[in-house]
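In what follows, chains carry the letters A, B, and so on, assigned in the order in which the sequence lines appear, proteins first and then strands, with residues in each chain numbered from 1. Predicted, not measured: the structure shown is a model, and the values here were computed from it.
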Amino acid sequence: MFGIPIGWYLTLSAALFVLGAIGLVLRRNAIVMFMCIEIMLNAVNLTFIAFARYHNDLGGHLFVFMVIAVAAAEAGIGLALIVNVYRHRRSLNVDDINLMQG
Amino acid sequence: MAETIFFIVFALGALGFSAAVLIAKNPINSAVMLVCSFFCLAGIYVMLSATFMAVIQILVYAGAIMVLFIFVLMLLNIRDDEIEAPRLSIHQGIAILAGTGIFFTIALSIAAWSGSSSRVAHDTMSDTFGTVEPIGDQLITSYVLPFEMAAILLLVGIVGAVVVAKKRF
């Protein structure tokens with residue numbers, strides 16, 4: 001019997017998503033937190049592609065296409081923000097960026 | 001059998017490199033590990049016959065987005081003393097415990113789902129599934145509005161990035 005059960009792909013995706021979430025909570029470096037968000041986005045992409053294959057429907061691939069476009073825009077703006085924050089604060093640690101905490 | 005071996009190699013690669021992103025002290029190492037993780041994921045996309053998406057993954061994610069990350073890291077030129085101190089271990093413990101709990105919740109619900117053991121077989125699918133032609137066809141027929149919205153989003157993203165990163169208005 002060929003083929004891999006779709007549950008394996010979904011479990012891998014869940015593990016990647018949780019890894020990204022843990023990283024987002026643990027790390028304090030703004031750029032590494034950004035990378036963790038990229039890991040989470042990729043986990044969701046994997047779910048989309050696995051279900052597209054499972055239902056034999058290309059809609060999932062189109063969704064992944066859109067997610068990648070949004071991730072590109074997000075990376076561009078987010079890194080511009082980080083560069084700007086670093087220019088003012090001389091730090092990438094998000095604990096130092098507390099201007100708007102009450 | 002070969003498919004299972006490829007899956008295990010790529011899955012362990014993706015998980016291991018992603019874990020290395022979290023563990024690495026230097027952000028540059030994290031970025032390089034993330035590129036490796038994206039390559040492993042592209043391999044898994046190929047196994048799911050999403051060949052076009054695998055190419056886009058390598059070109060856009062591993063190519064463009066990660067080069068942008070590394071470029072910013074080089075630009076900011078973080079000194080050694082700014083490499084972060086590890087968080088309090090109790091915080092780490094709680095985060096890892098909560099993460100493991102969430103993972104097992106999701107994994108159990110996947111296992112309980114009736115379709116989870118159905119296999120991704122290659123005989124029921126058309127030969128062109130996941131190649132450029134059907135995706136391009138869908139993109140300019142049923143999905144033309146999201147496609148145009150993505151174009152506008154990227155334009156706004158470019159303008160926004162320039163405005164945000166500018167020194168003086």
Side-chain angles (χ1 to χ4, degrees), chain A residues 1-12 14-16 18-23 25-29 31-32 34-36 38-39 42 45-46 49-50 52-54 56 58-59 61-62 64-66 68-77 79-84 86-87 91-93, chain B residues 3-4 7 11 14-15 18-19 21-22 27 30-31 34 41 44-45 48-50 53 56 60-61 64-65 68-69 72-73 76 78 82 84 87 92 95-96 99 102-103 106-107 110-111 115-122 124-125 130 134-135 138-139 143 146 150 153-154 157 160-161 164-165:
Chain A
M1 186 115 179
F2 289 105
I4 299 199
I6 188 175
W8 291 22
Y9 291 106
L10 298 181
T11 311
L12 170 64
L16 278 177
V18 167
L19 262 180
I22 290 177
V25 175
L26 281 187
R27 299 299 300 261
R28 296 290 91 190
N29 185 311
I31 291 185
V32 177
F34 235 106
M35 291 181 199
C36 291
E38 302 291 336
I39 294 177
N42 267 281
N45 285 350
L46 178 59
I49 286 183
R53 186 69 189 71
Y54 177 69
N56 217 348
L58 269 182
H61 290 201
L62 275 308
V64 173
F65 193 81
M66 296 305 155
I68 290 180
V70 171
E74 174 232 342
I77 299 216
L79 288 172
L81 280 173
I82 288 175
V83 169
N84 222 356
Y86 187 80
R87 217 182 259 152
S91 165
L92 281 180
N93 192 326
Chain B
E3 206 178 345
T4 314
F7 177 82
L15 284 175
S18 299
V21 172
L22 312 193
S30 292
L34 195 53
L41 271 172
I44 287 182
Y45 290 178
L48 286 164
S49 27
M53 281 306 138
I56 290 290
V60 177
Y61 253 121
I65 295 182
L68 194 61
F69 272 88
V72 169
L73 283 171
L76 298 185
I78 301 155
E82 285 180 29
E84 63 189 295
R87 297 272 284 167
Q92 277 181 356
I96 290 168
I102 295 169
F103 169 70
I106 302 173
I110 290 169
S116 67
S117 60
S118 57
R119 284 158 195 277
V120 185
H122 284 287
T124 57
M125 159 195 91
I135 289 177
Q138 294 265 297
L139 213 51
Y143 292 87
L153 175 83
L154 286 172
V164 168

Using 0.5 Å steps for rounding, measure from the CG atom of A:L19 to the CZ atom of B:F103.
9.0 Å
Please report the closest heavy-atom contact between A:H61 and B:A50, naming both atoms and the distance.
CE1-CB, 3.4 Å
Validation row: B:Y143, A:L58 side chains within 4.5 angstrom (heavy atoms):
no
Given that the side chain runs from C-beta out, which part of B:V60 has a heavy atom under 4.5 Å from chain A: side chain, backbone, both or neither?
side chain
Which atom of A:V18 lies closest to which atom of B:G99, heavy atoms considered
CG1-O, 3.2 Å
Region of B:I110 in contact with chain A, defined by heavy-atom distances below 4.5 Å
side chain
Under a 4.5 Å cutoff for heavy-atom pairs, which residue among B:V72, B:I44, B:T4 has the most contacts with chain A?
B:V72
Pairs of heavy atoms under 4.5 Å with chain A: top-ranked of B:A150, B:A31, B:G160:
B:A31
Minimal heavy-atom distance between B:L22 and A:G23, with the atoms involved, is CD2-CA, 3.5 Å
Side chain / backbone / both / neither for B:Y61 at chain A, heavy atoms under 4.5 Å:
side chain
Would you mind reporting whether A:L16 and B:L41 have side-chain heavy atoms less than 4.5 Å apart?
yes
Measure across A:A80 and B:A161 and return the closest heavy-atom pair with its distance rounded to 0.1 Å.
CB-O, 3.7 Å
What's the shortest heavy-atom distance between B:P27 and A:N29, and which atoms?
CG-ND2, 3.4 Å
Among A:T11, A:V83, A:L62, A:I77, which residue has the highest count of heavy-atom pairs closer than 4.5 Å to chain B?
A:L62
Distance from A:I68 atom CD1 to B:M53 atom CE, nearest 0.5 Å?
6.0 Å
Taking A:N84 for the side chain and B:V164 for the main chain, is one N or O donor matched with an acceptor at less than 3.5 Å?
yes
Nearest heavy atoms of A:A75 and B:I65, plus distance in Å
CB-CG2, 3.8 Å
Checking heavy atoms, do the side chain of B:A64, its backbone, both or neither come under 4.5 Å from chain A?
neither
Tell me, for B:A111 versus chain A, whether the close heavy atoms (under 4.5 Å) come from the side chain, the backbone, both or neither.
neither
Say you draw a straight line from OH of B:Y45 to CZ of A:R53; how long is it, rounded to the nearest 0.5 Å?
15.5 Å
What's the separation between atom CZ in B:F69 and atom CD1 in A:I31, rounded to the nearest 0.5 Å?
7.5 Å
Angle class for the A:Y9/B:F7 ring planes (parallel below 30°, perpendicular above 60°, tilted otherwise)?
perpendicular
So which part of A:N42 gets closer than 4.5 Å to some heavy atom of chain B, the side chain, the backbone, both or neither?
both
When the 4.5 angstrom heavy-atom criterion is applied to B:I106 and chain A, the contacting part is side chain
With a 4.5 Å heavy-atom cut-off, do B:I56 and A:V64 have their side chains touching?
no
When rounded to the nearest 0.5 angstrom, what is the spacing between CD in B:Q92 and CG in A:L26?
5.5 Å
Heavy-atom proximity to chain A below 4.5 Å, by part of B:L68:
both
Go through the atoms of A:M35 and report whether side chain, backbone, both or neither lie under 4.5 Å from a heavy atom of chain B.
both
With a 4.5 angstrom heavy-atom cut-off, could you sort out which part of A:A21 is near chain B: side chain, backbone, both or neither?
neither
So, taking the atom named CD1 in A:I39 and the one named CG in B:L34, what distance separates them when rounded to the nearest 0.5 Å?
5.5 Å
